[in-house]
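Accompanying notes for the structure given below.
Keep in mind it's a predicted model, so treat the numbers as computed, not measured. What you see below is based on every heavy atom in this structure, not just the backbone, and it leaves out hydrogens, waters and symmetry mates.
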Amino acid sequence: MNPERVKIDVTPEQTFLEILKSEKKDRWKEWVAVKTKNGTTDLTRTVGEMGSGEYEIEWVHRDTTEAQSVYRHTMSHILAQAVTHIYGVKNVVLGIGPTIENGFYYDILIDNGAVQEEDLPKIEKEMERIIKENYPIRHFTLPKEEAIALMREKGQPYKVELIEHLPEGEPISFYEQGDFVDLCRGPHLSSTGIIRPFKLLSLAGAYWRGDEKNQMLQRIYGTAFPTNEALKDYLEFLEESKRRDHRRLGPQLGLFHIDTEIAAGMPFFLEKGVIALTELQTVWRKFHKEAGYIEVITPLVMHEKLWRQSGHWDHYRENMYFIEKDEQTYAVKPMNCPGHIIIYKSQARSYRELPWKMAEFGKVHRYERSGVLHGLFRVRSFTQDDAHIFMTEDDIVREATDLIHLIDRMYKVFGFEYRVDLSTRPENSMGSDELWELATESLKKALVETQVDYRINEGDGAFYGPKIDFHIKDCLGRTWQCATVQLDFQMPERFDMTYIGQDNQEHRPVMIHRTVFGSLERFMGILIEHYAGAFPSWLAPVQVSVLPIADRHNDYCQRVKETLANRGIRAQVDSRSKKINYKIRDAQLNKVPYMMVVGDKEVEEEKIALRTRNEKDLGAITLDSFIDVFEKEVKELADHSLFE
RNA sequence: GCCAGCGUAGCUCAGUCGGUAGAGCGGCUCACUCGUAAUGAGCAGGUCACGGGUUCGAUUCCUGUCGCUGGCUCCA
């Protein structure tokens, strides 16, 4: 929708709402706010508040993203108001109620009680009533002291705390609708009846101000849309996401299994899952070989003293598994870097060897608190496609730049969109300010050079250095960190790593820790959801299912399968005595890219009738002509069938 | 770990206001030999997550443990 710019020059007492109504007549409800030179604001404000003279404004239409945050914000107030009505205003302590990407929430605390899932319809009903009442929403401000006094009087300690953190001297902004007043920056709708379609979605716990030392509040999530149609679409999207969920599809397609009693957070990969993982690794190896990496394997269990030296003992022990044997303590590795450093230090190193890129599919174990485990996305044992680049300081920017390109190139294979964060120094970290500064600036420089959009993630770096993180979205729009590039001056120091320079003197190398997939497990989970289980041919565990129509065609099908297998094509014959419809449906549900239907006609003509999983009967062709195209499809890592 | 909800056959789910359980799919057997998304019949399969308590009796009520889901905190 194109922004509508309007010139206004009217009486200062007039509200934008009045202007809007006279301009748009009975369609005025389609616009929910107004953009002025001072930013987006309420329609109920008077023109005079914005200053005097002639200037341009822009009406904010309900279908815009900007409008979403307006009506959803109002909806969160309506939610809070409904909760006070149901549980009694004296029993409800309010936290915050912002809008989020797909909706809104409100954090509340109910005295001597809790909201339960089954209460949501009741709350929705009260919200409907408030919407129907169509209370006008009034904005007002108070000086800080009076604002605090008002919230004290209303028994809202969290609101008092919020106001206390607001800057001195500025008026505190409130909104009032009927019997409900809330501290809020706005903007809001002009009354509670403007946007109707909404739904409360779920209930969760959330710490006050996001700190686990604080009281846990109850968070009620909901969403709202300008039309019933849009709300329905969103709810359908949620349903579709459930169908794509890798935790459902993975076991269904025979890719992996998680036995939550025996090994919570530690997936078992099944035959088909291993085939897909192996293909992933093959492509990875190709890309990395071209980029000059070598591959190593380090032990899973190493002596405690290694971890003391690396700093993991002090900074990461909570997340590590330990083993006692021979009165010695060993740790199951949570990271691969110390092992790689041991390899580095096993010989004297020359500047001629640098930059040295040492890679490993390193299986690591990290203890994670039970509540955070999530399918393949958050596990306790996983395989990092890890690598460490040992180099001189002069190499940093070039190596980081190369990495950003490598990651981008690999993600393009799958068509992933991703978000990039630069994470800076955390609290529990080691090293001097100067080194952190240098390291952070180097990464920034690489980001600028590659022209990647990124945002700063303050204080989220590793304990040994800053990092660039790449996040990919899952089917519900939640983002998961996958690739990471971490710069490290600490480990070389702690392990007294050196190389002999051109000047025949000892020098200290610098390290980059990096992954592309992040974790094979997580990446596989994301792939399952991305493709809804229908992997492209090169990744598909079963690439071709040969389907005899009757038992007498089994031998011919077996020969077809063998021919395919000899060409390295993963094929199977479905020789069960079932009808062809049944076999097709079965292959379809298993997301097999190609089906070959074989009956009397095909046997006689030495052909196969080809069908893709996208329900297309392509007719009879010779096996050779299939193989030609198919091999091309696999070689190109094509994401769709070349037959379609 | 925290808050709320939940745990019944391999999977999806019924059911029992306290008297030890049922369906569909899947599996196995038999018949059918079929042309582009489910042929029919029969059979097998459950210590109702696990431990303790209340009770004549617990899958059902209470309680603890483990696990799961949605979030929060934390993280690849």
In whole Å, I'd like the distance from the CG atom of A:Leu610 to the C1' atom of B:U36.
12 Å
Work out how far the P atom of B:G10 is from that of B:A44, and round it to whole angstrom.
16 Å
Of all the nucleotides listed (B:C2, B:G35, B:U69), which has the minimum atom distance to the side chain of A:Tyr207?
B:C2
Would you mind checking if A:Glu212 and A:Arg369 are paired as a salt bridge, meaning a charged N to carboxylate O distance below 4.0 Å?
yes
Whole-Å distance, A:Lys213 NZ to B:U73 C1', equals 10 Å
At under 4.0 Å between heavy atoms, what does A:Asp617 touch on the DNA or RNA strands: base, sugar-phosphate, or nothing?
base
State whether A:Tyr454 and A:Arg419 meet the cation-pi test: NZ (Lys) or CZ (Arg) under 6.0 Å from the six-membered ring centroid, and within 45° of the perpendicular axis.
no
Ignoring the backbone of A:Ile584, work out which of B:G71, B:A37, B:U39 is nearest its side chain.
B:A37
Please tell me if A:Gln588 has a side-chain N or O lying less than 4.0 Å from either OP1 or OP2 of B:A37.
no
Hey, does the side chain of A:Ser202 come within less than 4.0 Å of B:G71's phosphate (OP1/OP2), counting only N and O?
no
Describe the nucleic acid contact of A:His553 in one word from base, sugar-phosphate, nothing, applying a heavy-atom distance below 4.0 Å.
nothing
Rounding to an integer number of angstrom, what distance separates B:U60 and B:U54 when you compare their P atoms?
15 Å
Using the P atom on both, measure B:U8 against B:U36 and round to a whole Å.
40 Å
Are A:Tyr87 and A:Asp119 close enough that a side-chain donor and a side-chain acceptor fall under 3.5 Å?
yes
Sugar-phosphate only, base, or nothing, as touched by A:Gln215 at under 4.0 Å among non-hydrogen atoms
nothing
Is the Lys NZ or Arg CZ of A:Arg219 less than 6.0 Å from the centre of A:Tyr105's six-membered ring, within 45° of the axis?
yes
Less than 3.5 Å apart, any donor N or O on the side chain of A:His471 or A:Gln481 sitting next to an acceptor on the other?
no
Pick base, sugar-phosphate or nothing for A:Glu368, based on heavy-atom distances below 4.0 Å to the nucleic acid.
base
Determine the contact category for A:Tyr221: base if any of its heavy atoms lies under 4.0 Å from a base atom, sugar-phosphate if only primed atoms, P, OP1 or OP2 are that close, otherwise nothing.
sugar-phosphate
Tell me what A:Asn319 touches on the nucleic acid: a base, only sugar-phosphate, or nothing, going by heavy atoms under 4.0 Å.
nothing
What contact category does A:Lys583 fall into here, base, sugar-phosphate, or nothing, at under 4.0 angstrom with non-hydrogen atoms?
nothing
Within the 4.0 Å heavy-atom criterion, would you say A:Arg378 contacts the bases, only the backbone, or no part of the nucleic acid?
base
Report the distance from atom CD1 of A:Ile110 to atom P of B:C3, rounded to the nearest whole Å.
16 Å
If I take atom CG in residue A:Asp111 and atom C1' in nucleotide B:C3, what distance separates them, rounded to the nearest angstrom?
16 Å
Ranking B:U33, B:G67, B:C72 by distance to the side chain of A:Ala206, first place goes to B:C72
Look at A:His374 and B:G70 and indicate whether a side-chain polar atom (N or O) is within less than 4.0 Å of OP1 or OP2.
yes
Return no unless some side-chain N or O of A:Gln218 is found under 4.0 Å from OP1 or OP2 of B:C3.
no
Against the side chain of A:Ile580, the closest entry in B:A76, B:A4, B:C34 is B:C34
Contact class for A:Arg247 (heavy atom, under 4.0 Å): base, sugar-phosphate, or nothing?
sugar-phosphate
Could you please name the option among B:U73, B:A76, B:U36 that lies closest to any side-chain atom of A:Val597?
B:U36
With the side chain of A:Arg611 defined as its heavy atoms from C-beta on, choose the nearest nucleotide among B:A4, B:U36, B:G1.
B:U36
Determine the contact category for A:Gly210: base if any of its heavy atoms lies under 4.0 Å from a base atom, sugar-phosphate if only primed atoms, P, OP1 or OP2 are that close, otherwise nothing.
sugar-phosphate
Any side-chain N or O of A:Arg369 below 4.0 angstrom from OP1/OP2 of B:C72?
no
Looking for any heavy atom pair under 4.0 Å, which part of the strands does A:Ala609 touch: base, sugar-phosphate only, or nothing?
base
Distance in angstrom units between A:Lys579 NZ and B:U39 P, rounded
6 Å
Using the C1' atoms only, state how far B:G57 lies from B:G67, rounded to an integer number of Å.
29 Å
Less than 4.0 angstrom between a side-chain N/O of A:Tyr582 and OP1 or OP2 of B:G26, yes or no?
yes
Would you kindly give the CD-to-C1' distance between A:Gln252 and B:C25, to the nearest whole Å?
11 Å
Among the nucleotides B:G71, B:C74, B:U36, whichever has the atom closest to the side chain of A:Val372 is B:C74
Provide the distance between the two C1' atoms, one in B:G22 and one in B:U39, to the nearest whole Å.
25 Å
Please report, rounded to the nearest Å, how far the C1' atom of B:G71 is from the CG atom of A:Leu120.
13 Å
Within 45° cone of A:Tyr582 ring axis and under 6.0 Å: A:Lys579 NZ or CZ:
no
Measure from the side chain of A:Met216, starting at C-beta and using heavy atoms only, and say which of B:C72, B:U73, B:A4 lies closest.
B:C72
Would you indicate what A:Lys467 reaches in the nucleic acid, counting non-hydrogen atoms under 4.0 angstrom: base, sugar-phosphate, or nothing?
sugar-phosphate
Check A:Glu399 with A:Lys357, please: is the shortest side-chain N to carboxylate O separation under 4.0 Å?
yes
Begin from the C-alpha positions of A:Lys122 and A:Glu126 and carry the test salt bridge (Lys or Arg N to Asp or Glu O under 4.0 Å) through to its verdict.
CA-CA 7 Å; A:Lys122 201 164 65 187; A:Glu126 179 60 17; over 6 Å; no
Of A:Asp245 and A:Glu261, the one whose nearest nucleotide on RNA chain B sits closer to the 5' end is A:Glu261
Would you mind classifying the nucleic acid contact of A:Thr484 as base, sugar-phosphate or nothing, using non-hydrogen atoms under 4.0 angstrom?
nothing
A:Lys591 NZ to B:A37 P, in whole Å, measures 16 Å
Measure from the side-chain heavy atoms of A:Arg522 and tell me the nearest of B:A76, B:G35, B:A37.
B:A76
Distance between the C1' atoms of B:C74 and B:U16, in whole angstroms?
42 Å
Looking only at the side chains, is there a donor atom on one of A:Gln588 and A:Arg611 sitting less than 3.5 Å from an acceptor on the other?
yes
Name the closest nucleotide to the A:Val379 side chain, picking from B:U33, B:A38, B:A76.
B:A76
If you look at every strand shown and take non-hydrogen atoms under 4.0 Å, does A:Val364 touch a base, only sugar-phosphate, or nothing?
nothing
C1' atom, B:C34 versus B:G45: distance in rounded Å?
30 Å
B:U39 OP1/OP2 closer than 4.0 Å to side-chain N/O of A:Arg585:
no
